[in-house]
2 protein chains.
Amino acid sequence: MATIRDVAKLADVSVSTVSLALSNPARVSQKTLEKIRHAVAAVGFVADPLAQSLARGRSRMVGFVVGNVGNPFFGDIRRELENYALDHGHFVLVTDSSGKTEREKAMVEHLIGLKMAGLALAPSGHDQDYVDFIGGLNIPIVCFDQKVAGIERDFVGSDNHLAGAMLTEHLLQLGHRRIAFIAGPSHMHTATERYRGFMDTMANAGIEVNPNFVVDGQFTRTAGYEAAMRLLIQPERPTAILGANNAVALSALQAMQELGFRCPEDISLAMIDNVQWSSVITPRITMVVQDTLALGGIIARRLMHRITNPQGAVEPPQDFVLTPKFVPGNSCRRI
Amino acid sequence: MATIRDVAKLADVSVSTVSLALSNPARVSQKTLEKIRHAVAAVGFVADPLAQSLARGRSRMVGFVVGNVGNPFFGDIRRELENYALDHGHFVLVTDSSGKTEREKAMVEHLIGLKMAGLALAPSGHDQDYVDFIGGLNIPIVCFDQKVAGIERDFVGSDNHLAGAMLTEHLLQLGHRRIAFIAGPSHMHTATERYRGFMDTMANAGIEVNPNFVVDGQFTRTAGYEAAMRLLIQPERPTAILGANNAVALSALQAMQELGFRCPEDISLAMIDNVQWSSVITPRITMVVQDTLALGGIIARRLMHRITNPQGAVEPPQDFVLTPKFVPGNSCRRI
DNA sequence: TGATTAAATCGAACCGGTTCGATAGAGCTC
DNA sequence: GAGCTCTATCGAACCGGTTCGATTTAATCA
């Protein structure tokens with residue numbers, strides 16, 4: 001590998017002049033610039049990013065930290081960020097914490113050790129320790145998906161209260177009254193908001209929610225399945241189930257199928273967030289989806305803005321909340 | 001941030017002794033080791049990974065390069081690799097080329113610039129240029145998924161010929177003769193092998209394959225949909241469709257649903273590779289799946305072996321080919 | 001006790017860049 | 001031609017570690 005000193009020797013100038021010419025060509029005379037360019041081409045010089053990062057104190061990379069890269073929601077956002085960052089000369093490094101807060105912390109620390117220019121982070125934690133940890137990081141960060149109370153950072157997400165309310169209202173319009181809700185973890189902002197959207201809408205309609213109709217699905221497949229089963233074995237069954245996310249809703253569909261209930265004839269089903277092959281799932285689930293492309297675009301622009309604009313780093317944090325979209329399916333019937 | 005010089009000053013030893021103590025405690029006297037340990041704790045010293053990588057010439061990170069991290073197949077493998085690598089003190093950095101060979105090359109070069117200890121790579125290219133590129137890299141690499149002719153590296157994958165043959169045989173056993181095949185890109189090893197598995201099995205059964213029954217689905221959703229439509233509008237329709245991967249098969253299912261064909265009553269369907277929510281797709285597709293956990297485990301162990309064992313680097317490349325598994329569904333009927 | 005060897009520690013060079021103050025020379029003014 | 005400003009270039013220090021040959025110290029042996 002050719003080093004900058006090889007270039008300097010060949011071009012017969014000092015190392016510092018080469019470095020200057022490469023980072024700020026305007027400050028070098030035309031003649032020496034030519035010489036240096038030739039030398040660079042001749043020896044095939046490419047600057048070592050590691051050495052650059054060490055000397056500069058920061059790299060031209062941004063980190064993308066989520067709990068599950070396999071989730072298409074995060075996948076879309078990643079793609080948007082990547083395209084935008086690449087256009088602005090930055091590489092995206094992806095890390096997956098598998099939802100484990102401790103692992104996420106370690107990964108974030110590692111990325112910061114790598115002198116990342118910035119981080120796009122879907123927070124996995126929520127306690128004070130975690131908030132302090134994120135707050136103490138001295139690096140541009142854009143948080144997304146989960147809004148964590150206490151974290152003073154840019155945030156990009158969807159209106160989850162509205163998402164819950166939209167589907168609830170839809171079910172009410174279809175005549176449903178016995179609506180069950182499979183909730184997510186209570187420490188997650190998206191989960192509580194969706195739950196509130198459901199409860200508020202029911203309350204506004206003057207309908208009391210049967211406490212047995214609210215079960216905890218933890219946003220996961222296994223817990224969602226269990227929660228759905230608990231709903232379905234009750235003597236007084238709900239006429240509709242609202243899943244707070246895709247995993248719990250589809251687990252409910254599976255449970256229904258296994259017990260011999262037909263959807264939507266016996267029980268209607270609606271969910272928040274899409275999955276990859278929803279178009280071939282029968283019935284097509286009525287859902288509310290987030291605008292992942294828009295979210296990804298905002299995250300990307302905001303982060304790169306903070307990174308590239310000198311004064312961008314000190315701008316006060318801002319929240320960007322997008323409106324989700326209703327996507328009708330045929331999993332909800334009128335009763 | 002505390003540096004190694006702060007530690008040396010506090011412990012009243014030289015910088016080199018601190019470095020030595022940290023990397024090879026046995027070669028330092030018990031007394032100084034204690035002093036150094038105390039000093040490290042006192043100033044909160046953590047070695048800068050960047051500086052270490054620069055000085056050592058390599059980092060303690062491995063790169064994971066695929067065309068689509070969102071694909072659960074790659075997701076499972078990533079998880080296995082990550083767990084194993086973490087246990088051996090290495091971080092995994094994920095990059096997604098979106099299937100673009102040029103982007104993949106740039107990413108691989110960037111990772112090598114980062115002095116990665118090794119790479120787990122699902123090759124996206126196939127031409128001589130690409131083979132030369134991969135061959136020219138002086139770093140432990142384990143390739144997986146696609147076997148590329150000419151690349152002399154460890155390879156971990158499944159027996160794709162067998163995968164195609166298994167499903168074909170299954171359909172033959174059920175009495176099908178007019179079996180259609182939605183193929184993948186001809187430059188991909190997995191695609192050609194699966195195709196050969198289909199053709200060989202048909203030939204062995206003495207059945208001539210109608211050329212109109214072999215269509216190109218490019219392993220993608222859109223091309224798969226188009227290919228399936230071409231199959232379904234023929235006057236002489238197939239009684240069964242075999243999709244060379246999950247995307248083309250599920251696109252075919254969608255096309256069938258849209259045209260009003262019932263599966264399996266009108267047309268049977270089988271596919272290679274699972275998808276995330278296959279259990280709630282109706283009908284449950286009969287398929288052959290790869291053992292992703294086993295694949296991931298082998299990739300992880302092989303890569304870490306090459307990285308950590310001094311002589312591991314020079315061992316000749318080896319192929320690991322696993323047997324896929326038949327998973328019956330109810331998308332194929334006897335005729 | 002002096003010579004020999006092994007163990008512990010150190011100093012300096014190095015990895016490959018960046019940055020900043022110093023210096024030399026060119027161009028301009030009076 | 002002295003004085004001044006700008007521009008182009010350079011040298012040296014630095015980022016924060018590692019490594020290796022040299023040196024000091026301690027232990028072993030004749």
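Below, chain A is the first sequence line, B the second, and so on; all start at residue 1. Just so we're clear, the structure is a prediction, and the values are computed from it rather than from any experiment.
- Atom CG of A/Leu33 is separated from atom P of D/dT7 by 17 Å (rounded to the nearest Å).
- Rounded to whole angstrom, the span from the NZ atom of B/Lys31 across to the P atom of C/dT9 amounts to 8 Å.
- Distance, B/Asn24 CG to C/dA8 C1': 12 Å, rounded to whole Å.
- Between A/His126 and A/His187, the ring-plane angle classifies as parallel under the 30° and 60° cut-offs.
- Remark: B/Lys105 is not positioned above the aromatic ring of B/Tyr130, lacking an NZ or CZ atom under 6.0 angstrom from the ring centre and at most 45 degrees off the axis.
- Here the CD1 atom belonging to A/Ile77 is positioned 13.5 Å from the CD atom belonging to A/Glu82, to the nearest 0.5 angstrom.
- A/Glu34 places its CD atom 15 Å from the P atom of D/dA8, with the value rounded to the nearest Å.
- Residue A/Val13 has its side chain nearest to D/dC10 when only D/dC10, D/dT9, C/dT9 are considered.
- Looking at heavy atoms from C-beta onward, A/Phe73 lies in side-chain contact with A/Leu295 at the 4.5 angstrom threshold.
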Check: In B/S/- notation, 5' to 3', how is nucleotides 11-27 of chain D contacted by protein heavy atoms closer than 4.0 Å?
Finding: B---BBBBB--------

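- Among the candidates A/Ile151, A/Asp154, A/Val156, the single residue satisfying the side-chain contact (heavy atoms from CB on, under 4.5 Å) test with A/Cys143 is A/Ile151.
- Between A/His110 and B/Phe91, the ring planes are parallel. Angles under 30° get that label, and only those over 60° would be called perpendicular.
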